[in-house]
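Any value given below was found using the heavy atoms of this structure, including those in side chains, with hydrogens, waters and symmetry copies removed.
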Amino acid sequence: MVGRLAEVELIRERLAAAAAGRGAVVLLGGEPGIGKTTLAAEAVDRARRGGMVTAWGRCREDGDAPPYRPWIQVIRRVLDARGRPLVSREVSGLLAVPLALTDRGTPGAADRPDRFRLFEAMVQALAGGETPGVLAVIDDLHRADDASLAFLRYLAAEVHQLPVVVLGAYRDTEAGPGHPLMSALGAMADGGPLEVLALQGLADAEVRTLVARHAGAVPDKVADQVVARAEGNPFFVVEIARLLRSAPGDLPEVASELIPPTVREVITYRLARLPPESRRALQAAAVLGREFGQLPLSQTLGASPVAVAGALQPAATTGLISAEGRSGYSFTHALVQAAIYDALPASERTRWHERAADAIAALGRDDDETLSMLAYHSYRASFRGDPGAALTHVLAAGRRARERLAFEEAARWLECALDLTERAVMDGEQHMALLCEAADAHLSAGAAAVARSRYEAVADLARRQRDGAMLARAALGVGATVVTAGRVDWALVQLLEEADACTGDVVTRASVQSRLAIELYWHEGSEPSRQRSLAALSTAEASGSKAALTVALHARQFTLRSPDHLDERIAIGERLTELAAGAGNTDLSFQGAVWLAADVLRRGDLPRFRRLAETLEAFTAQTRRPLWRWYATVMRAQLAAVEGRFDQAYEATEAAGALGRQLGIEVAAAYRIGQLCVLQRERHGLAHLAADIQAVSTRLPYFTTLRALAALAAATTGRHDAAIWEIDRLSGHGFAAVPRDSLWVATTALLLEAAAISRSSHTRTLVGLLAPHRGTFVVQGLPSCWGSVDRFLGRGQLSLGDLEASEPTLTGALAMESELAAPVFAARTKTDLARLHLRRGNRRAAIGLAAEVVATADRLHLGALAQEARELTGGAVPAGIPLSPREREVLALVSDGASNKDIASILVISLNTVERHLANIYAKLGIRGRAEAAAYAVRAGLASR
């Protein structure tokens with residue numbers, strides 16, 4: 001290895017960290033021939049010496065590779081190195097088809113996993129085992145298929161906790177802005193430890209060393225010419241050195257003419273010295289790809305394997321190609337293959353592709369690699385041949401990619417098929433079906449905009465051909481590309497209404513009506529959506545189809561989300577989950593349970609919410625779907641917050657946020673900020689979240705509830721003018737700007753508290769708006785519960801000076817929250833009751849309540865809440881309880897009336913030790929005697945009963 005000392009040292013450090021379980025992704029970028037592969041080989045050598053498993057995967061330079069090809073190569077080699085004992089039966093089953101570990105056939109729709117389950121299995125296969133780690137090298141990453149890049153993104157988010165280093169090499173000259181690799185790098189930069197090393201040319205002294213190593217001692221004048229011409233490119237240097245080594249005559253005399261200006265000219269010069277049969281064999285090989293098998297090459301050339309081996313021998317001797325395995329070859333550098341391929345005239349390339357397609361088809365194989373190669377060469381040959389024959393092969397490759405969950409590759413091949421249909425004969429119905437197939441693939445790959453354009457093209461064709469069924473198919477497809485959150489897609493509404501009027505199938509009509517109802521939910525008042533969902537439910541029930549009924553129930557449950565209809569929504573949710581479970585529809589079972597959980601929590605049924613949260617966790621464990629894991633994690637955070645387990649709530653909230661970013665869930669940021677506000681208000685205050693609230697609100701302006709969070713953050717941090725401004729901007733026409741959707745109660749409640757704190761003139765209006773919902777809990781969408789509606793009402797009434805109404809309202813709130821077993825909500829309500837007692841002049845009662853709040857806050861580490869309670873009583877409540885755990889136990893027993901002898905017996909300590917503890921307690925708390933100690937224990941919440 002010449003040069004690259006800093007890069008080698010960084011890779012060494014990353015390998016050492018991976019051996020300790022802290023992996024990384026390191027990417028090597030640079031121009032062709034700059035030494036990326038050589039540096040990767042050095043890393044492999046070091047990793048092997050350290051006992052790591054090493055595996056090398058290469059992306060093909062042409063578009064004829066099957067999906068996941070480099071990762072399949074890596075995982076196969078990792079499993080081979082370990083004897084394949086490490087993966088579980090489930091993981092082995094997931095990997096069986098793409099890795100060809102067994103002869104099992106393609107999975108059917110029922111047992112086909114989603115792609116993220118496949119990705120998890122691939123990660124487990126890479127990271128399992130007892131070796132010091134794995135080094136996975138992915139070469140030519142700029143040519144990676146989109147499915148491979150998708151897995152790289154997934155792995156990059158997990159690698160920090162895995163004993164894996166991914167070392168990728170790519171040409172930065174081919175991966176500019178907008179390139180899929182650059183898009184992937186942008187996403188990976190936010191997800192985990194990623195380092196990009198831009199390799200520069202070798203220093204002059206390093207070039208001279210490399211020349212001497214490959215050409216022997218050369219005169220300084222010649223070395224100077226190499227330095228000037230090669231510009232530090234190691235591959236160019238080595239190729240020039242090989243020419244110099246074989247140069248005839250006096251080297252200083254011929255060097256200036258011998259050294260060509262570019263590396264391609266070096267390769268062309270070396271090719272020209274080969275026999276004609278060798279050059280012809282290399283031309284065919286260059287069409288087949290950087291790696292090529294002897295049998296396909298023989299059949300492409302129409303020559304015997306022996307003759308082909310003889311023709312390739314001179315190229316191998318001169319270092320243009322090298323043997324790969326028992327019957328394969330590889331060009332020693334991608335530049336060699338590219339130089340040969342690019343030199344071929346277009347017509348000759350097409351003829352070679354045609355011969356290659358015929359040769360590969362003659363092999364009679366059905367593996368992924370063969371299908372992809374056949375599709376690639378037949379597509380390239382179609383420009384002068386039969387597009388119909390190419391269409392068959394291209395469709396086969398696209399559908400195989402879809403079976404492998406490589407949706408980007410499926411979409412690419414299906415787009416090629418659409419291109420071929422412009423030259424091949426295909427009727428309108430087949431064309432629409434192909435457009436739908438391509439749209440489905442784009443949608444699964446996450447390219448919603450492209451998918452929508454294809455579905456809309458289907459709709460246009462369906463209108464012209466008066467095909468109602470296909471129009472409905474297109475309308476539902478467009479609906480699948482739209483994330484319904486906060487706004488109505490009126491173009492979709494128009495298309496769905498058109499499909500509803502045209503389709504004759506009752507089941508399809510129920511599905512169309514259901515999707516239309518959901519889309520109209522965000523329309524003003526939401527009443528049109530509820531009418532539509534009722535019509536869809538009626539249609540579905542009349543059809544007798546359980547599938548249609550579950551879809552219609554889901555739409556009904558969705559469109560009933562509002563401040564009202566709580567009992568009906570719960571009943572619909574129960575019916576939906578039961579019916580969907582009976583029909584085996586896990587998707588709607590899960591989604592129905594998600595919304596049902598939010599509703600039962602609003603009703604205050606925590607045991608049932610807990611059971612539903614456990615059900616969601618079980619669904620997630622069973623299916624391993626990442627989106628479901630996100631929902632389940634959100635619910636886990638919610639449950640922990642309600643129960644006062646704030647450390648676990650923080651952990652789950654951040655885990656859900658990270659997963660949401662990884663999955664590209666737009667609303668995940670809003671869910672995270674909502675949950676953090678619940679937690680931060682009581683632990684640290686909302687000052688540090690104000691900027692984050694503003695940023696998320698700017699990104700998601702249709703979530704009005706975020707403005708309520710901004711108002712509360714301003715009010716609780718003393719920025720009352722800012723809070724009033726936020727409230728005023730929503731107050732027109734009786735707060736009509738707040739949509740009456742599932743977020744209305746929470747938005748109104750948060751605005752009310754901000755108004756009460758900041759003395760807004762709109763406080764009375766907000767109390768009136770919220771009053772009909774007393775007796776329920778404030779649940780902000782799915783993720784955030786803020787306590788009882790009654791607590792917010794009582795706070796508003798207190799601000800208005802209506803003490804007679806406030807006291808029973810707050811007392812009722814405390815009873816609700818105590819029954820819910822929600823200690824933080826109860827402590828917040830006690831704080832407001834303490835305010836009420838202070839307004840009434842009952843300072844002793846206020847101090848007692850504040851002491852209970854401080855005790856709860858200290859126990860749960862809620863610093864902001866404790867500080868608020870202490871400030872409320874002017875510091876009458878101690879700033880903390882400076883007692884050891886044993887002293888707290890003694891104080892609790894004193895409050896129960898236990899004597900010193902009783903305490904000694906219960907705690908199994910000596911009488912002298914009890915007396916010493918009591919002396920310490922009296923000194924720390926500044927109290928005298930057992931009576932004062934017992935009273936303090938009650939105020940501070942330390943009494944055992």
Side-chain angles (χ1 to χ4, degrees), residues 11-27 40 43-44 46-57 67-101 113-139 141 144 147-168 184 187-188 191-195 404-405 620-621 623-626 629 655 658-659 662-663:
I11 292 171
R12 185 196 66 76
E13 292 174 356
R14 298 300 170 265
L15 293 175
R22 303 185 307 277
V25 175
V26 180
L27 301 184
V44 167
R46 287 177 175 267
R48 284 176 179 165
R49 282 187 270 130
M52 297 180 75
V53 173
T54 63
W56 200 296
Y68 309 117
R69 182 179 190 268
W71 295 110
I72 288 171
Q73 291 176 321
V74 165
I75 292 173
R76 277 181 180 158
R77 287 165 186 164
V78 168
L79 295 181
D80 285 343
R82 294 170 171 160
R84 302 184 179 182
L86 72 153
V87 292
S88 67
R89 181 177 299 175
E90 179 184 6
V91 169
S92 180
L94 288 167
L95 297 177
V97 175
L99 301 190
L101 297 180
D114 64 39
R115 185 158 72 173
F116 282 87
R117 285 186 65 202
L118 172 62
F119 284 2
E120 286 189 355
M122 292 167 71
V123 168
Q124 187 172 337
L126 276 175
E130 299 179 356
T131 62
V134 170
L135 170 62
V137 178
I138 307 295
D139 206 358
L141 198 53
S148 291
L149 290 178
F151 177 65
L152 177 60
R153 286 180 56 183
Y154 185 88
L155 179 58
E158 305 287 334
V159 76
H160 65 282
Q161 56 189 355
L162 302 173
V164 175
V165 172
V166 177
L167 186 61
M188 286 189 287
L194 169 69
E195 291 168 288
R404 300 299 187 254
L405 311 178
T620 301
T623 63
R624 296 191 178 181
R625 292 190 183 181
R629 186 178 0 142
L659 183 58
Q662 183 181 349
L663 298 177

* Structure fact -> Nearest heavy-atom approach of L141 to G168 is CD2-CA, 4.2 Å

* Asked: With sequence neighbours excluded, what pairs up with A47 under the side-chain contact (heavy atoms from CB on, under 4.5 Å) test?
  -> L15, M52, T54, L135

* Under the side chain to side chain donor-acceptor pair (under 3.5 Å) rule, collect the residues that match up with Q161, sequence neighbours excluded. => E158

* Structure fact -> Nearest heavy-atom approach of V78 to A125 is CG1-O, 3.8 Å

* Side-chain contact test, heavy atoms from C-beta onward, threshold under 4.5 Å: evaluate it for I138 versus W71 and give yes or no. => yes

* Is there side-chain contact between I11 and R46, with at least one heavy-atom pair below 4.5 Å? -> no

* Mind checking the CD1-OH spacing from I75 to Y68? Nearest 0.5 Å is all I need. => 10.5 Å

* Asked: Just how far is it from atom CD of E13 to atom CD of E195, taken to the nearest 0.5 Å?
  -> 9.0 Å

* Intermediate values then yes/no, side chain to side chain contact (heavy atoms under 4.5 Å, CB included), L162 and V134 -> CA-CA 9 Å; L162 302 173; V134 170; over 6 Å; no

* To do: Considering non-hydrogen atoms only, spot the tightest contact between P163 and A127 and give its length.
  => CG-O, 3.8 Å

* Asked: Yes or no on side chain to side chain contact (heavy atoms under 4.5 Å, CB included) for M122 and L126, after CA distance, side-chain angles and deciding distance?
  -> CA-CA 6 Å; M122 292 167 71; L126 276 175; 5.8 Å; no

* To do: State which residues pass salt bridge (charged side-chain N to carboxylate O under 4.0 Å, His left out) with R12; sequence neighbours excluded, sorted by chain then number.
  => E9

* Asked: Taking all non-hydrogen atoms of both residues, which atom of A24 and which atom of V159 are closest, and how far apart?
  -> N-CG2, 3.6 Å

* To do: Kindly write out the residues that satisfy side-chain contact (heavy atoms from CB on, under 4.5 Å) with R22, not counting sequence neighbours, or none if the list is empty.
  => A17, A20

